[in-house]
Amino acid sequence: MTALDTAVDMSTALGAAPIPSPVLTASGCSANGAELEPFVDLTAIGAVVTKSVQLWPRSGRPTPRMAETPSGMLNSIGLQGPGIDGLLADDLPWLADRGVRAFVSIAGTRVEDFAALAERLRGVPGVLGLEVNISCPNVESRGEVFACDPVAASDVVSAVRAVADPAQPVYAKLSPDVTDIVGVARAVSAAGADGLSMINTLLGLVIDPDTMRPVLGGVTGGLSGPAIRPVALRCVWQVHQAMPEVPILGMGGIRSGLDALQFVLAGASAVSVGTAVFNDPSAVARVHDELAVALAERGFASLRDAVGYAHR
Amino acid sequence: MTALDTAVDMSTALGAAPIPSPVLTASGCSANGAELEPFVDLTAIGAVVTKSVQLWPRSGRPTPRMAETPSGMLNSIGLQGPGIDGLLADDLPWLADRGVRAFVSIAGTRVEDFAALAERLRGVPGVLGLEVNISCPNVESRGEVFACDPVAASDVVSAVRAVADPAQPVYAKLSPDVTDIVGVARAVSAAGADGLSMINTLLGLVIDPDTMRPVLGGVTGGLSGPAIRPVALRCVWQVHQAMPEVPILGMGGIRSGLDALQFVLAGASAVSVGTAVFNDPSAVARVHDELAVALAERGFASLRDAVGYAHR
Amino acid sequence: MTSLTSPAARAAHPPVQRVVEVSGRRPVGAYVELTLAAPEIAERTEPGQFVAFAVGGPTSAHLLRRSIAIAGAADGAVTVMVAPHGPGSTWLAGLQVGDTVDVVGPLGRPYPMPSDGTPAVLVGGGYGAAALRGLAARLRAAGSPVIAICGAASADRLSSVDELGELAEVIVTTDDGSAGRQGRVTDAMAELLTSRAPGQVGVVYACGPMAMLRAVAEAATTAGLPSYVAVEESMACGVGVCMTCVLPVVGEDGRTRFSRSCTDGPVFGGDRVRFADVGTLPWDVVGADAMGVVAP
Amino acid sequence: MTSLTSPAARAAHPPVQRVVEVSGRRPVGAYVELTLAAPEIAERTEPGQFVAFAVGGPTSAHLLRRSIAIAGAADGAVTVMVAPHGPGSTWLAGLQVGDTVDVVGPLGRPYPMPSDGTPAVLVGGGYGAAALRGLAARLRAAGSPVIAICGAASADRLSSVDELGELAEVIVTTDDGSAGRQGRVTDAMAELLTSRAPGQVGVVYACGPMAMLRAVAEAATTAGLPSYVAVEESMACGVGVCMTCVLPVVGEDGRTRFSRSCTDGPVFGGDRVRFADVGTLPWDVVGADAMGVVAP
Ligand SMILES: Cc1cc2nc3c(=O)[nH]c(=O)nc-3n(C[C@H](O)[C@H](O)[C@H](O)COP(=O)(O)OP(=O)(O)OC[C@H]3O[C@@H](n4cnc5c(N)ncnc54)[C@H](O)[C@@H]3O)c2cc1C
Ligand SMILES: Cc1cc2nc3c(=O)[nH]c(=O)nc-3n(C[C@H](O)[C@H](O)[C@H](O)COP(=O)(O)OP(=O)(O)OC[C@H]3O[C@@H](n4cnc5c(N)ncnc54)[C@H](O)[C@@H]3O)c2cc1C
Ligand SMILES: Cc1cc2nc3c(=O)[nH]c(=O)nc-3n(C[C@H](O)[C@H](O)[C@H](O)COP(=O)(O)O)c2cc1C
Ligand SMILES: Cc1cc2nc3c(=O)[nH]c(=O)nc-3n(C[C@H](O)[C@H](O)[C@H](O)COP(=O)(O)O)c2cc1C
Ligand code: FES
Ligand code: FES
């Protein structure tokens with residue numbers, strides 16, 4: 001990413017943690033960062049949001065793990081990853097050595113899992129904060145997803161906030177698959193979330209016309225990409241409207257600077273670029289540049305001035 | 001539509017009402033049918049699902065009423081229409097004169113409105129049945145949408161079923177914007193729905209990068225088109241899985257015969273083609289033809305054999 | 001208020017949908033003029049009508065049709081003048097000879113004709129002037145003297161000046177003075193209306209951006225002249241099924257309805273379109289009460 | 001189980017992303033051979049690598065990259081052989097000279113080279129044979145005698161027979177007998193392995209459909225020969241960030257992992273890919289326990 005000659009101050013923050021750019025990767029859409037090095041100056045982006053990590057190494061689901069859909073895709077990776085030991089041993093040091101900020105996404109199937117992960121990440125160099133991926137099935141509640149129940153979601157967030165490094169902001173990542181996203185947002189904020197990441201994928205399904213069965217082994221999968229952008233923007237809008245003081249990391253279908261601008265205007269103080277990276281590995285840097293230009297063209301002196309501006 | 005020389009028996013039914021083709025228009029996406037006459041043989045399609053009608057004429061919302069989105073669109077028409085008197089005086093006779101089946105979509109903001117509409121439609125020639133659009137704000141519940149609350153949704157459906165013509169099947173049209181669509185489906189089925197139409201649009205938002213405000217005057221709007229197809233299919237799948245005996249009219253992003261096939265395999269016994277008609281005014285007939293060919297190629301002797309086949 | 005105009009009548013022929021080949025392509029200033037081999041559309045076309053294109057080909061993320069006025073319809077071909085604007089019109093403007101495109105047309109209501117010999121003023125803004133070519137020819141054939149005013153922001157955004165010149169006296173205006181007289185079409189029109197004796201102008205027709213249409217319609221109405229404008233409201237389908245393209249238009253019964261620009265228009269009486277209320281919901285629109293809007 | 005192969009090593013150079021121009025296009029039977037003016041990709045390419053294209057242009061509804069093997073990389077140009085299949089590859093195959101396309105490459109791990117002079121058998125199925133051209137040339141340059149077996153369903157689905165013929169002895173097979181001998185590449189390979197004296201074949205390389213790769217790898221392993229296969233697993237990104245393209249592959253430590261075909265492959269030791277388990281989650285894959293899969 002080349003420093004652009006727009007006078008716009010692009011700095012922002014995740015909770016209390018300052019970042020020089022509002023554009024981040026999205027969890028699960030840039031692995032743990034290293035693969036993007038040929039395409040993007042990782043030190044210049046807001047942060048690498050790492051693939052959701054659990055306590056133990058996970059193989060993830062069998063293939064096929066994805067289906068392309070109109071302006072989007074369905075995935076069912078199943079959180080393949082090295083587990084927290086692997087992340088601490090390999091990925092986070094790699095990022096820290098290069099001065100790349102890591103926003104670490106954690107996942108689990110029990111409240112204690114999340115807390116244990118937050119504990120392990122205390123004081124780890126380069127770890128800017130935590131994103132709590134509560135779009136996971138809760139084994140203690142017949143597999144209902146934490147994010148779909150305000151109480152379960154809050155339980156996770158308060159457990160994490162209680163043990164997490166005080167210097168690390170904790171963001172709760174919300175699912176759009178709920179009747180009342182503002183209700184969930186209020187609950188997790190009250191439970192101590194320093195900010196909200198929104199949105200995770202929508203639950204979807206694709207049937208293979210040849211096999212005449214669901215494409216994905218897991219039957220359903222997560223829908224992402226530009227197709228879902230209007231839903232994501234609506235969620236950000238509604239939550240910012242209800243709680244303008246809560247920082248939002250916006251995501252869902254962001255592909256260009258003007259897409260990112262929409263999220264900022266709706267109330268996001270930072271954004272993640274997910275599926276668009278599959279289309280364009282330099283997307284994160286490009287979106288930063290395009291957003292800076294778009295803000296300059298509209299007369300904003302700083303990104304912060306534009307946050308929530310569409311609610312005026 | 002030309003009768004295709006596939007041996008496949010395409011007949012199906014909406015509840016107890018037989019129809020020769022499983023492909024229908026979608027409410028609000030083909031006005032009340034007449035405009036499609038140059039492009040489609042309306043007597044050959046399953047039925048024209050009319051634009052949701054209310055008790056009184058409605059102007060609908062001011063423009064702009066739409067925004068194009070990736071592989072979809074956002075709309076906020078506000079149910080512009082002539083009211084039930086106009087429908088009964090002009091549109092339904094026009095359809096009946098030509099032998100076109102009408103599946104009449106009704107909407108309201110009070111339970112009584114829905115019941116009054118069902119009452120007015122008793123015994124009207126050419127009216128095959130009723131689709132109850134419960135994705136409307138309930139004035140008696142701070143504007144919460146009926147379809148988002150299983151109790152409010154059931155109240156509407158049981159009131160309609162109580163007064164509707166016994167020969168007219170009553171389909172409840174569900175919203176995907178809920179945490180538990182199976183729960184809503186169970187509630188309205190128990191309340192007497194003869195079938196389920198799914199899905200209505202997803203709530204979305206688009207911000208105009210020039211005005212830096214929401215494009216639509218109503219702020220949010222309904223997202224439709226191929227972008228939402230995986231969500232629609234997931235809803236149909238989940239509900240058919242839970243209640244295989246309940247007939248489903250599937251819709252959401254259907255554009256081709258293979259798209260329609262996915263809905264049938266997931267459990268829909270008929271489908272509506274909505275937004276795709278804006279792209280291709282002959283889409284309803286084309287989807288019928290393509291579906292017939294697709295079924296023939298897969299060795300199905302009848303459409304009915306394929307319904308829910310992906311659950312095998 | 002008595003009206004100077006009657007609502008435009010439906011076209012004689014219903015539209016057809018065809019996949020057609022681009023048979024000609026010519027950049028014209030800021031625009032691209034495309035010629036389509038579409039005999040069934042050409043033979044049905046009346047002046048003022050438009051076509052609606054599917055854009056982006058088989059891999060397209062853009063579902064909605066793009067409406068473009070018909071500039072010419074003759075010899076089995078339809079001509080359109082495309083201004084690259086967003087993704088859809090840019091894609092259209094990039095079509096090459098031999099490419100195919102799905103098109104529906106002719107759509108909408110044509111310009112109503114005045115009684116034979118009525119002198120007419122035609123006002124075209126930007127590519128809108130192209131849409132007046134067929135009308136000018138038909139008026140001439142019916143014995144009407146025609147004056148055409150073609151205006152644009154700059155010379156490269158003028159259109160059809162030569163073609164209209166073969167059928168009419170043409171006045172050219174540009175905002176920046178890069179061609180013709182500096183100023184707006186409405187300045188030229190005002191001058192024309194004052195300089196000519198009463199009866200030397202009997203009807204005004206216009207096509208162009210909404211702000212221009214409003215100004216032209218108001219000037220005509222003030223002068224007591226009937227005017228017909230072809231509006232450009234955002235459309236999703238072009239065929240009357242989506243209800244996205246409505247404008248507040250006064251009907252023959254004097255009541256205002258949200259009328260579809262595609263099937264009730266695009267040609268409306270200039271004194272019937274409530275330009276000032278576009279984008280709002282006035283209380284006296286039929287059915288506004290059901291939306292909770294009350295009379296003041 | 002001791003392994004006959006070592007995992008392929010990373011390529012020497014990281015990939016680049018460029019918008020490049022199509023400089024050549026040639027239909028070849030059922031395929032289209034495209035040449036791209038992409039010097040920075042060409043100069044970095046090693047045999048076995050691939051490129052990933054964005055498809056559909058600016059109006060595209062197709063977000064995911066399409067991976068295509070590199071058939072040739074010389075003189076600043078990269079050549080690929082495209083089989084029109086679904087929307088993305090059909091769009092690619094429709095590109096014309098002068099069109100531009102966004103491409104990332106070279107991607108993936110190249111074929112490991114044997115010690116100089118080792119006789120090699122190359123097996124290519126369909127367009128997969130094209131991907132062996134660079135390898136054949138490099139092997140020849142290192143003194144290896146090369147036999148290439150090119151197979152396909154029918155004559156029009158063969159590729160690069162002539163190009164490989166300049167570098168190697170070529171055996172052609174088609175399922176329908178429309179070219180070469182009737183039968184499958186594996187029949188030809190089995191015959192070859194039995195007819196030659198031990199040591200006359202030292203290593204086997206393959207590229208083609210998964211079923212073919214499996215048969216070739218099994219035949220090689222049974223014969224005690226190392227084999228390297230370039231797999232074709234469904235990919236969304238091509239660069240290693242999406243985790244959609246995994247296969248169960250046995251590592252140097254003997255443990256099976258879900259390895260990414262794009263960055264850990266596409267070239268894997270033929271005896272390391274657990275072909276029979278593709279599409280399943282075997283209990284002994286690292287991390288399967290955390291998915292709730294237990295040892296039988
Ligand atoms: C009756 C009529 C005649 C027209 N004639 C011409 C013509 O001769 N030449 C020409 O260049 N343009 C003409 N236009 C305008 C043209 O339709 C728009 O410029 C074009 O649709 C914009 O599409 P886009 O993808 O470039 O832009 P986008 O803004 O991305 O379009 C998004 C969506 O909005 C709709 N839309 C946006 N602007 C307009 C608009 N002004 N009118 C209608 N729909 C719009 C599009 O159809 C599409 O559905 C005409 C419009 C109408 C209604
Ligand atoms: C390493 C590698 C090399 C390849 N080399 C060639 C080649 O030289 N020539 C050639 O014609 N094809 C090659 N393929 C296959 C080619 O990538 C697919 O045919 C193509 O991606 C299908 O896209 P589609 O839009 O036509 O089909 P769709 O089925 O619509 O594709 C949908 C999605 O699935 C992915 N996908 C589907 N099939 C495959 C597949 N077989 N491999 C990877 N991704 C797939 C696409 O990338 C896309 O994301 C290669 C694949 C790989 C992995
Ligand atoms: C392949 C893939 C894997 C993902 N993995 C994760 C994950 O591990 N944790 C998580 O919180 N979100 C995950 N997501 C969701 C994204 O982080 C993001 O919330 C969502 O995709 C919407 O953004 P997008 O449209 O820009 O991709 C994943 C998405 C994709 C497409
Ligand atoms: C412009 C527009 C107007 C609509 N109006 C109605 C309506 O009046 N009543 C209703 O039940 N659904 C309405 N819908 C929803 C559709 O009937 C359908 O449920 C939805 O659009 C999903 O299908 P699709 O993706 O095929 O359009 C409307 C959709 C659109 C795009
Ligand atoms: S554009 Fe669809 S009704 Fe006019
Ligand atoms: S294709 Fe994305 S990780 Fe391999």
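All values below come from the heavy atoms of this structure, side chains included, with hydrogens, waters and symmetry mates left out. First the proteins, then the strands, lettered A, B, ... as listed; each starts at 1.
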Discussion item. Check D/Arg65 with A/Glu68, please: is the shortest side-chain N to carboxylate O separation under 4.0 Å?
Written reply: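 Result for this pair is no, no salt bridge flagged.
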Contact winner vs chain A - [options], heavy-atom pairs under 4.5 Å:
options                               : result
D/Val278, D/Val285, D/Leu64           : D/Leu64
D/Pro282, D/Pro248, D/Ala61, D/Cys237 : D/Ala61
D/Thr256, D/Val293, D/Val286          : D/Val286
D/Ala236, D/Ala54, D/Cys245           : D/Ala236

Discussion item. Could you go through D/Thr244 and A/Thr63, starting from their C-alpha distance and side-chain angles, then the distance that decides it, and tell me whether this counts as side-chain contact (heavy atoms from CB on, under 4.5 Å)?
Written reply: CA-CA 7 Å; D/Thr244 62; A/Thr63 53; over 6 Å; no
Discussion item. Need one label for D/Val104: side chain, backbone, both or neither, based on atoms under 4.5 Å from any heavy atom in chain A.
Written reply: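 For D/Val104, the contact with chain A is made by the side chain alone.
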Are the side chains of [Y] and [X] in contact, using a 4.5 Å heavy-atom criterion?
X        : Y        : answer
A/Trp56  : D/Asp289 : no
D/Pro14  : A/Phe39  : no
D/Phe258 : A/Arg58  : no
D/Leu281 : A/Ser59  : yes

Discussion item. For residues 75-114 of chain A, give me every residue with a non-hydrogen atom less than 4.5 Å from any non-hydrogen atom of chain D.
Written reply: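 The residues closer than 4.5 Å to chain D, in numerical order, are A/Ile77, A/Gly78, A/Gln80.
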Worksheet item: For chain D, which residues of residues 27-37 of chain A have at least one non-hydrogen atom nearer than 4.5 Å to it?
Response: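 Listed by number: A/Gly28, A/Cys29, A/Ser30, A/Ala31, A/Glu35, A/Leu36.
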Worksheet item: Can you tell me if A/Asn279 uses its side chain to pair, donor with acceptor, with the backbone of D/Leu63 under 3.5 Å?
Response: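 Checked: pair present.
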Item to complete: Please confirm whether the backbone N or O of D/Met243 pairs with a side-chain atom of A/Arg65, one donor and one acceptor, at under 3.5 Å?
Response: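 Confirmed, A/Arg65 side chain pairs with D/Met243 backbone.
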Fill in: D/Arg184 CZ: over 12 foreign heavy atoms closer than 6.0 Å
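For D/Arg184, atom CZ is not crowded (no more than 12 foreign heavy atoms under 6.0 Å).
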Item to complete: Heavy-atom pairs under 4.5 Å with chain D are the metric here; pick the option from A/Gln54, A/Arg255, A/Met73, A/Met66 that has the most.
Response: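 Most pairs with chain D among the choices: A/Met66.
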Discussion item. So for A/Pro64, is it side chain, backbone, both, or neither that comes closer than 4.5 Å to the heavy atoms of chain D?
Written reply: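 The answer is neither part of A/Pro64.
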Item to complete: Measure distances from A/Arg61 to the heavy atoms of chain D and classify the residue's part below 4.5 Å as side chain, backbone, both or neither.
Response: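 Answer is both: backbone and side chain atoms of A/Arg61 are under 4.5 Å from chain D.
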